[in-house]
Amino acid sequence: MVNFIFVSPNFPEKYWQFCDELQKNGIRVLGIGDAPYESLSAELKNSLTEYYTVSNLGDYDQMYRAVGYFAWKYGRIDWIESNNECWLESDARLRTDFNVQTGVKLDGIDAFKEKSEMKRYYAKGGIRTARQIKASEGMEAVKRFSKDAGYPLFAKPDVGVGAGGAHKLEDETQIEDFFQNTPDFANYVIEEFVTGNICTYDAIINSKGEPLAESMCVFPPSIADIVNQNLDCTYYVERHMSENLRFWGRRTVEAFGVKSRFIHLEFFRLDKPHRGLGEVGDFVALEVNMRPGGGYTPDIINYAHNISTFKIWADMVAFDRRTTPDPHDDYFCTYVGRRDSVRYAYDHQALIDKYGYAMMMTPHIDKALAGAIGEQAYIARFRTEEERDAFLTDACHRI
């Protein structure tokens with residue numbers, strides 16, 4: 001029997017479905033988490049053969065002992081995976097130390113977690129990206145970089161998730177302020193500023209680097225703007241993927257050597273011509289995320305295309321192929337995350353009354369995620385752009 005260790009299977013909450021589909025495929029699922037066993041959902045408990053509790057998922061010694069215990073009790077470990085950005089490096093280290101033959105090992109993880117290292121792989125694939133400099137090269141070097149790249153510039157942690165710690169630098173004075181007031185500036189990269197919608201290539205890739213499922217998400221406000229300006233979080237899955245995005249998404253998969261993963265690749269779709277990068281509508285690579293899109297993105301993809309990404313991923317693990325047919329129906333599926341502190345023209349019940357026919361889910365979001373994706377979420381799907389846009393307008397109308 002295949003032994004699969006799923007790290008932190010209880011967070012995000014929906015991840016129990018990955019475990020459920022694995023065990024339905026005849027795989028032994030072993031969980032490691034920092035939540036007490038008693039707190040796990042019944043669905044997750046039923047999906048796991050055994051669960052090992054650690055006090056801190058970031059304590060590698062505890063993680064090593066947990067994997068060692070499972071190896072002693074059940075034999076060779078075939079997979080270790082969290083599908084979570086926070087534990088990418090820990091997952092890779094455990095695979096290396098226990099000689100797990102699937103997944104990225106420690107010597108290949110930098111390309112997946114360091115934005116500066118990603119640039120080398122993009123260049124190898126001939127994929128356009130914004131120019132970048134490491135802040136560790138010093139303030140004067142960044143000032144020289146600005147002479148060619150122009151303003152504004154965008155500073156962000158070389159390793160990080162979402163928009164945390166990001167800075168927009170409008171002029172030389174702000175560059176100086178950044179260096180003077182950011183103690184860990186050496187851990188940042190600084191890029192030329194690119195404008196446009198963020199679009200993502202979301203896919204499940206088999207061991208041959210082939211996509212088993214593909215989808216396209218569009219983020220009209222970026223996560224950075226949502227967090228920094230306290231906006232409502234809105235994004236949606238397109239009914240049909242842009243063939244241009246499909247080309248660059250697959251090209252990125254090849255350049256990075258992606259195998260046996262659920263991925264979430266970010267691109268800018270330019271809203272104006274940009275020297276050296278392209279014309280309006282062209283795609284420019286932003287960064288790779290070697291895990292599913294955050295929050296409810298897997299569910300939104302499922303509703304848009306009438307598929308189960310949880311099952312397709314588990315089929316990839318078990319059989320390296322899909323066992324379900326291609327989708328036969330497609331929708332625009334939208335996500336709106338509203339703020340509990342804000343008054344809206346349509347309150348919760350009024351929005352349900354108007355759009356109940358299209359509403360798929362209305363979850364209240366865990367506070368750990370609410371800063372980026374809002375407290376009260378609405379997931380709805382529509383046949384037309386006009387319906388989609390009307391819903392987004394009504395749901396986000398503040399008073």
Side-chain angles (χ1 to χ4, degrees), residues 12 85 130 152-157 160-170 174 191 193-200 202 216-238 264 266-272 284 286-287 289 293-301 303-304 332-352 354-355 358-382 385-399:
E85 189 90 21
L153 299 173
F154 197 67
K156 55 187 178 181
V161 184
H167 303 266
K168 191 176 181 181
L169 309 177
E170 300 279 2
Q174 291 192 3
E191 293 187 345
F193 194 77
V194 178
T195 63
N197 288 340
I198 292 178
C199 300
T200 64
D202 297 86
M216 174 183 180
C217 292
V218 179
F219 294 74
S222 70
I223 295 297
D225 287 342
I226 290 166
V227 172
N228 295 330
Q229 301 175 36
N230 197 39
L231 302 176
D232 301 315
C233 176
T234 63
Y235 67 101
Y236 57 86
V237 174
E238 287 278 17
H264 179 73
E266 298 180 20
F267 293 82
F268 284 113
R269 182 166 56 189
L270 297 179
D271 59 5
K272 61 183 177 181
V284 175
L286 175 57
E287 63 183 68
N289 297 286
Y296 284 82
T297 300
D299 299 276
I300 298 167
I301 293 171
Y303 289 130
F332 295 100
C333 192
T334 67
Y335 177 96
V336 173
R338 304 205 301 192
R339 306 290 175 184
D340 287 348
S341 59
V342 173
R343 289 185 63 204
Y344 296 91
Y346 286 83
D347 65 16
H348 176 76
Q349 190 57 51
L351 200 64
I352 297 296
K354 184 169 183 178
Y355 292 102
M359 209 70 75
M360 309 306 295
M361 299 174 67
T362 59
H364 202 266
I365 304 302
D366 187 287
K367 64 181 180 180
L369 301 174
I373 65 173
E375 284 95 0
Q376 178 59 55
Y378 302 89
I379 296 170
R381 67 182 188 180
F382 304 94
E385 292 184 40
E386 291 75 19
E387 290 177 290
R388 178 199 71 197
D389 292 346
F391 170 72
L392 291 172
T393 298
D394 287 345
C396 298
H397 185 188
R398 298 183 174 196
I399 57 175

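With sequence neighbours excluded, no residue forms a salt bridge (Lys or Arg N to Asp or Glu O under 4.0 Å) with R381. Scanning for salt bridge (Lys or Arg N to Asp or Glu O under 4.0 Å) contacts around E191 gives K119, K156, with sequence neighbours left out. For D394, the salt bridge (Lys or Arg N to Asp or Glu O under 4.0 Å) partners are K354, not counting sequence neighbours. Scanning for side-chain contact (heavy atoms from CB on, under 4.5 Å) contacts around A390 gives Y355, with sequence neighbours left out. With sequence neighbours left out, E386 forms a side-chain contact (heavy atoms from CB on, under 4.5 Å) with T384. Partners of V218 by side-chain contact (heavy atoms from CB on, under 4.5 Å), not counting sequence neighbours, listed by chain and number: N197, C199, M216, P220, Y236, E238, R269.
The shortest side-chain heavy-atom distance between F193 and L169 does not fall under the 4.5 Å cut-off. Contact of the L153 side chain with the Q174 side chain is not registered, since no non-hydrogen atoms from C-beta on lie closer than 4.5 Å. Using a 4.5 Å heavy-atom threshold, the side chains of C217 and V237 count as touching. By the 4.5 Å heavy-atom criterion applied to side chains, I198 and Y235 are not counted as neighbours.
Under the 6.0 Å cut-off for aromatic ring centres, F382 and F332 do not qualify, their centroids lying 6.0 Å or more apart.
Checked by atom type and distance alone, the side chain of E375 never pairs as donor or acceptor with a backbone atom of H364 at under 3.5 Å. The backbone N or O of A395 sits less than 3.5 Å from a side-chain atom of R338, completing a donor-acceptor pair.
One distance of note links NZ of K168 with CZ of F154; it measures 8.5 Å at 0.5 Å rounding. Atom CD1 in I352 sits 6.0 Å away from atom OH in Y378 (nearest 0.5 Å). In this structure, OG1 on T334 lies 10.5 Å from CD on E387, to the nearest 0.5 angstrom. Put simply, CD1 on I379 and CE on M360 are 9.5 Å apart, with the number rounded to the nearest 0.5 Å.
Residue I373 comes nearest to G295 through the heavy atom pair CD1-CA, 4.2 Å, listed as atom of the first residue, atom of the second, then distance. Counting all heavy atoms, side chain and backbone alike, C333 lies closest to Y303 at SG-CB, 3.7 Å. The nearest pair of heavy atoms linking H348 to T362 is CE1-CB, 4.4 Å. For A380 against M359, the heavy-atom pair with the smallest separation is CB-SD, 4.0 Å. For the residue pair Y296 and P363, the shortest heavy atom distance occurs at OH-CB, 3.4 Å. When every heavy atom of V336 is checked against every heavy atom of F391, the shortest pair comes out as CG2-CE2, 3.8 Å.
No side-chain N or O of T234 forms a donor-acceptor pair with one of D232 less than 3.5 Å apart.
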Step by step, would you call T393 with H397 a side chain to side chain contact (heavy atoms under 4.5 Å, CB included)?
CA-CA 6 Å; T393 298; H397 185 188; 5.6 Å; no
